[in-house]
Amino acid sequence: MTKLQSLRGMVDLLPDQTRRWQRVEKIARDQFLRAGFQEIRLPLIEATELFSRGIGETTDVVGKEMYTFLDKGERSCTLRPEGTASVVRAALQHGLLSQGPQRLWYSGPMFRYERPQAGRQRQFHQIGLECLGLSSARSDAEVIALAWSLLKGLGLKGIVLEINTLGSAEDRQKYRKKLVEWLSTHIDELDEDSQKKLQTNPLRILDTKNKATKKLLNEAPTIQSMLSQESELRFTEVQQLLKILEIPFEINHQLVRGLDYYGHTAFEITSDKLGAQATICGGGRYDGLIEQLGGPSTPAIGWAIGMERLMLVLEAIAIDEPNSAASEMAIPTNPELYIVNRGERAEKTALLIATKLRENGLLVELDSSGAPFGKQFKRANKSGATLAMIIGENEIEIGQCRIKHVKRFSDQEIDQALSLEDYESLVKFIRNSISNSSTKS
RNA sequence: GCGGGCGUCGCCAAGUGGUUAAGGCAGCGGCUUGUGGCGCCGCUAUUCGGGGGUUCGAAUCCCCUCGCUCGCCCCA
């Protein structure tokens with residue numbers, strides 16, 4: 001029999017990982033809350049059409065990376081490859097846009113059928129936000145600032161914000177024409193891949209990694225030259241605002257992004273600690289998408305952070321700097337109290353006490369092995385608990401339990417006898433002992 | 001979809017054609033049903049990702065396949 005294992009590109013997150021994930025998610029949630037963003041939870045499966053219409057037929061995501069299948073009713077269904085299209089769909093379906101601008105965030109798994117590599121999985125997780133119904137350059141700057149301060153707040157170093165403008169739809173139309181004309185005269189100098197894109201999606205030739213093509217592109221016309229005055233002013237304003245916010249950025253006119261719906265501001269945040277897949281956060285303005293999906297013409301902007309990539313960076317930092325916040329996010333939460341217990345009556349009492357103490361907010365691990373005391377103490381030690389409570393037959397006889405420090409051995413044992421029934425005093429005593437123990441150490 | 005590297009226990013590994021596949025860590029049990037950091041003893045891969053072939057003999061050689069990994073494409 002072959003060993004059962006997870007599907008290619010599908011990754012399990014074990015407790016070692018989930019600790020850090022939960023802490024990151026909490027920090028993100030708190031920040032979204034403070035910024036007035038509300039959570040939206042969406043299905044993982046959508047009608048295929050949502051993505052083909054929303055993201056663009058010629059994009060790689062739609063063209064070759066979607067998990068698409070027919071359900072039992074013969075409907076074409078797709079595991080969502082990204083979050084924005086679903087957010088827009090939900091907003092339209094429930095009439096959210098008629099209630100004014102929407103500030104929404106989401107998190108969860110996305111699916112793309114690609115060959116896995118460093119920082120890339122078939123099921124991966126994004127945490128993202130979308131701001132629907134606002135068109136100002138200020139909203140661009142605010143949204144970018146949220147991504148930046150979240151990443152900075154998590155302690156990331158060596159990250160770079162790159163921005164570009166893709167202009168209005170008309171600007172892009174004109175530029176596209178000009179670019180195709182120019183590239184056509186240099187078609188022999190283009191790499192094979194870019195030659196194909198010339199037909200399907202010429203703008204995406206701009207962010208090629210092919211060195212020869214890159215060099216050639218230095219001579220090519222830029223989108224800047226084709227911008228309308230409004231588009232140009234808008235981009236300038238975004239830059240000014242980022243400067244006021246003291247967010248460092250680089251302008252990268254080659255930054256295009258692979259989803260068709262982007263226009264005007266597009267941006268990426270990359271890290272030097274990742275391999276070839278260096279983008280942690282990507283986003284931009286998508287003023288045309290909502291209308292394209294059948295809604296009213298509505299401006300919008302958003303971004304998504306790749307959780308796995310973020311975690312990779314955090315792990316790298318944690319290794320470089322063992323005392324950093326990034327490092328602390330991996331430290332497990334140890335029990336405050338470990339209950340060592342043995343004997344029929346003692347075991348019942350211990351279960352009851354564990355429950356009561358937990359109800360009072362303590363972090364309690366109960367040894368339910370029935371093993372000899374020696375074994376239980378070993379486990380108490382390994383659990384990392386601050387205190388151990390001992391309940392055996394003797395304690396039951398006198399109606400008192402004993403509590404001692406786990407981490408300090410012979411010195412400074414508390415080893416106090418306490419009533420088994422007075423939970424209030426127990427809790428108080430435990431709390432005191434823990435705070436004393438942490439101030440002393 | 002296309003290239004490169006790699007698959008020996010939960011983890012790190014030795015072994016590169018010859019009888020029973022080292023070792024370390026972790027785990028489990030014992031010394032130790034009333035007290036834990038240490039120590040000592042014992043146990044833990046009928047099998048080397050899987051399948052086929054070559055051979056008297058294969059973890060070692062060949063073929064296929066699966067998986068992992070890095071890169072291309074693209075993206076988070």
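Please read these numbers as outputs of a predicted model, since none were measured by experiment. Just so it is clear: chains get the letters A, B, ... in the order the sequence lines come, proteins before strands, and each one is counted from 1. Side-chain atoms are counted along with the backbone in the values below, which use heavy atoms only and exclude waters and symmetry mates.
- Of all nucleotides present, only B:G5 satisfies the Watson-Crick or G-U wobble test against B:C68, with each distance under 3.5 Å.
- Among the atoms of the strands shown, none is found under 4.0 Å from any heavy atom of A:Gln376.
- Between the OH atom of A:Tyr338 and the P atom of B:U35 there is a distance of 17 Å, rounded to whole Å.
- Note that OH of A:Tyr286 is 14.5 Å distant from CG of A:Leu166, once rounded to the nearest 0.5 Å.
- No more than 12 heavy atoms of other residues, nucleotides or ligands lie within 6.0 Å of CD in A:Gln38, so this atom counts as exposed by the packing criterion.
- Remark: A:Arg8, A:Gly9 in residues 7-17 of chain A come within less than 4.0 Å of RNA chain B through at least one heavy atom.
- When heavy atoms are screened at a 4.0 angstrom cut-off, A:Lys64 is found touching base atoms of the nucleic acid.
- Between A:Lys382 and B:G27 there is a side-chain N or O to OP1 or OP2 distance below 4.0 Å.
- In this entry the distance linking CZ of A:Arg115 with P of B:G67 reads 10 Å, nearest Å.
- Atom pair A:Asp367:CG and B:G36:C1' shows a separation of 12 Å (rounding to whole Å applied).
- Judged by the 6.0 Å distance and 45° axis criteria, A:Arg122 is positioned over the aromatic ring of A:Tyr113.
- With respect to A:Arg345 and A:Glu397, a salt bridge is recorded, a charged nitrogen being found less than 4.0 Å from a carboxylate O.
- Contacts of residues 262-287 of chain A with RNA chain B (heavy atom under 4.0 Å): A:Gly275, A:Ala276, A:Gln277, A:Thr279, A:Ile280, A:Cys281, A:Gly282.
- Spacing between atom CD of A:Glu114 and atom P of B:U69 amounts to 14 Å, rounded to whole angstrom units.
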Between protein and nucleotides 32-34 of chain B, what N or O pairs are separated by less than 3.5 Å?
residue	atom	partner	partner atom	Å
B:U33	O4'	A:Arg342	NH2	3.3
B:U33	N1	A:Arg342	NH2	3.3
B:U33	O2	A:Arg342	NE	3.3
B:U33	O2	A:Arg342	NH2	3.3
B:G34	O6	A:Glu393	N	3.0
B:G34	O6	A:Asn394	N	2.7
B:G34	O6	A:Asn394	OD1	3.3
B:G34	O6	A:Asn394	ND2	3.3
B:G34	N1	A:Glu395	OE1	2.8
B:G34	N1	A:Glu395	OE2	3.4
B:G34	N2	A:Glu395	OE1	3.4
B:G34	N2	A:Glu395	OE2	2.6
B:G34	N2	A:Arg402	NH1	3.4

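- Taking a pair to require two hydrogen-bonding distances under 3.5 Å in either a Watson-Crick or a G-U wobble arrangement, B:C28 pairs with B:G42.
- The partner of B:U47 cannot be assigned: no Watson-Crick or G-U wobble pair with both contacts below 3.5 Å exists in any strand.
- Within 6.0 Å of atom CD in A:Gln173, 12 or fewer heavy atoms from other residues, nucleotides or ligands are found, so the atom counts as exposed in its surroundings.
- When only modelled atom types and interatomic distance are considered, A:Ser383 and A:Glu365 share no side-chain donor-acceptor pair under 3.5 Å.
- The side-chain hydrogen bond (donor to acceptor under 3.5 Å, both in side chains) test applied to A:Thr68 returns A:Thr78, not counting sequence neighbours.
- Across all strands shown, the partner of B:C61 is B:G53, judged by Watson-Crick or G-U wobble contacts whose two distances both fall under 3.5 Å.
- Taking atom P in both B:G37 and B:A26, one finds a spacing of 14 Å when rounded to whole Å.
- Here A:Lys26 pairs with A:Asp30 in a salt bridge; the nearest charged N to carboxylate O distance falls below 4.0 Å.
- Between A:Arg112 and A:Arg379, the one whose closest nucleotide on RNA chain B sits nearer the 5' end is A:Arg379.
- Separating the P atom of B:C73 from that of B:A13 is a span of 31 Å, rounded to the nearest Å.
- Of all nucleotides present, none satisfies the Watson-Crick or G-U wobble test against B:U35 with each distance under 3.5 Å.
- The same atom, P, is picked in B:G4 and in B:G15; the two are 27 Å apart, to the nearest Å.
- Counting any heavy atom pair closer than 4.0 Å across all strands shown, A:Arg257 reaches sugar-phosphate atoms only and no base atom.
- Across all strands, A:Ala380 comes closer than 4.0 Å to no nucleic acid atom at all (heavy-atom distances).
- Less than 4.0 Å separates RNA chain B from at least one heavy atom of each of the following residues of residues 34-62 of chain A: A:Asp60.
- Atoms CZ (A:Arg309) and P (B:C70) sit 12 Å apart, rounded to a whole Å.
- For the segment residues 120-132 of chain A, the set of residues with a heavy atom within less than 4.0 Å of an atom of RNA chain B comprises A:Arg120, A:Gln121, A:Phe124, A:Gln126, in numerical order.
- Close placement of the A:Trp105 and A:Phe32 rings is indicated, their centers lying within 6.0 Å of each other.
- Contact annotation for A:Arg204: backbone-only contact, meaning every heavy-atom pair under 4.0 Å involves sugar-phosphate atoms and none involves a base.
- For B:G10 and B:C64, the P atoms lie 29 Å apart once the distance is rounded to whole Å.
- Salt bridge annotation for A:Arg204-A:Asp60: present, with a cationic side-chain nitrogen under 4.0 angstrom from a carboxylate oxygen.
- The nucleotide B:G17 finds no pairing partner, because no Watson-Crick or G-U wobble arrangement with both distances shorter than 3.5 Å includes it.
- Taking the C1' atom of each, B:U46 and B:G34 are spaced 43 Å apart, rounded to whole Å.
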